[in-house]
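To start, the structure itself, in structure tokens.
Throughout, a chain's letter reflects where its sequence line sits, starting with A, and its residues are numbered from 1.
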2 protein chains.
Amino acid sequence: MTAGSSDTSGEIARKTADDTGDCSRGQFSAAEVARIDGTVADLLTLLGRAHTMAILRVFADESGPLRFSEIESALGISPNTLSERLKELTATGLLTRSAYNEIPPRVEYAATDRAEALFPVFGHLADWARSHELDTLEA
Amino acid sequence: MTAGSSDTSGEIARKTADDTGDCSRGQFSAAEVARIDGTVADLLTLLGRAHTMAILRVFADESGPLRFSEIESALGISPNTLSERLKELTATGLLTRSAYNEIPPRVEYAATDRAEALFPVFGHLADWARSHELDTLEA
DNA sequence: CCGTATCCAAAGAGATACTG
DNA sequence: CAGTATCTCTTTGGATACGG
């Protein structure tokens, strides 16, 4: 990581002053940009999947570890779907999984700092949605 | 769906209040938050679809109107898929479509201010991806 | 309690051919 | 040139039942 999250915030604050989002371009090689581009696309694909945002929002709301059944009953989704989402989110390092060998067995999921670093972006998206007042977003 | 969640957006904003000094957040009704939440989720679903990010990146790169065949050959995707994405993007107000009755016919697509306002968020996502150096994002 | 296995229905995306 | 019409293959998500 670079000099910490403060420089990221600074870059974010500068925002649209000069152009339309090629703040990553110019100082990075084409391959670098392509790799980051793919990463962002993959992330958006994951976030776009059913219930992923809802799951993350539950974690942002509770700001503490959650158990499988808690999320399941909070969202009302089938266990296999929830299991897949949790696997994906732990695989990308957005959630951690802690299993305790107890009876009854207990497994706790918690949001990582990666996820916490991502939450502000959701805030920016919410700002965007609010300021532009979309109403035709339904396909 | 998502019964029980109240002011999720406000919580997110408070936890990470070090962001770009953007507009006020925290005092919105549950219905308001729910609407914005759905809008953001819909947006992410759209952005997560195949080629959507690539299409928008082409527009961010060229910063000018583009024709159907230009995008088609630039990305190498089938015309029906591209047609769907363009319809979705124009429906959400991210692109405009201008048809000219000429021979040969000419149609130009251009990014709207909504899209331009969205590009910085992509920059934030890129910053996030870079600072956290994801490598396990592939499903 | 925490999942996995299996099956099924629906949506997504590409290839190809064709029209105004 | 700018799409649309089919067709097909794959991916995804849910219901249900069962196992550690």
Phosphate OP1/OP2 of [N] contacted by [X] side-chain N/O (<4.0 Å):
X: B:Tyr109; N: D:dC1; answer: no
X: B:Lys87; N: D:dG3; answer: no
X: A:His51; N: D:dG14; answer: yes
X: A:Thr81; N: D:dG14; answer: yes
X: A:Arg67; N: C:dC2; answer: yes
X: A:Ser83; N: C:dG3; answer: no
X: B:Arg97; N: D:dA2; answer: no
X: B:Arg106; N: D:dG3; answer: no

Take atom [atom1] of [X] and atom [atom2] of [N], then tell me their distance rounded to the nearest Å.
X: A:Arg49; N: D:dG14; atom1: CZ; atom2: C1'; answer: 15 Å
X: B:Asn101; N: D:dC1; atom1: CG; atom2: C1'; answer: 13 Å
X: B:Phe68; N: D:dG3; atom1: CZ; atom2: C1'; answer: 6 Å
X: A:Leu82; N: D:dT12; atom1: CG; atom2: P; answer: 17 Å
X: B:Glu84; N: C:dA11; atom1: CD; atom2: P; answer: 12 Å
X: B:Leu89; N: D:dG3; atom1: CG; atom2: P; answer: 13 Å
X: B:Tyr100; N: D:dA2; atom1: OH; atom2: C1'; answer: 15 Å
X: B:Ile77; N: C:dA15; atom1: CD1; atom2: P; answer: 10 Å

Look at the side chain of A:Ser63 and the backbone N and O of A:Ala60, then say whether any donor-acceptor pair between them is shorter than 3.5 Å.
no
Taking [X] first and then [Y], would you say they form a salt bridge - that is, a charged N and a carboxylate O separated by under 4.0 Å?
X: B:Arg85; Y: B:Glu88; result: yes
X: B:Lys87; Y: B:Glu84; result: no
X: A:Glu108; Y: A:Arg106; result: yes

Under 6.0 Å between the ring centres of B:His132 and B:Trp128?
yes
Answer whether the closest heavy-atom distance between the side chains of A:Val107 and A:Arg97 falls below 4.5 Å.
yes
Do the non-hydrogen side-chain atoms of A:Leu125 and B:Thr39 ever get within less than 4.5 Å of each other?
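Answer no - side chains too far apart.
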A:Pro105 side chain: which of C:dC1, C:dA13, C:dT4 is closest?
C:dC1
Any idea which of D:dG3, D:dC1, C:dG14 is nearest the B:Ser78 side chain?
C:dG14
Checking salt bridge (Lys or Arg N to Asp or Glu O under 4.0 Å) for the pair B:Arg67/B:Glu70: CA distance, chi angles, key distance, verdict?
CA-CA 5 Å; B:Arg67 306 179 61 165; B:Glu70 288 182 297; 5.4 Å; no
Counting the atoms with a prime plus P, OP1 and OP2 as sugar-phosphate, which does A:Ser69 contact under 4.0 Å by heavy atoms, base, sugar-phosphate, or nothing?
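It contacts sugar-phosphate atoms only.
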Could you pull out the protein-nucleic contacts involving nucleotides 5-10 of chain C (nitrogen or oxygen on both sides, under 3.5 Å)?
from	atom 1	to	atom 2	distance (Å)
C:dA5	N6	A:Asn80	ND2	3.4

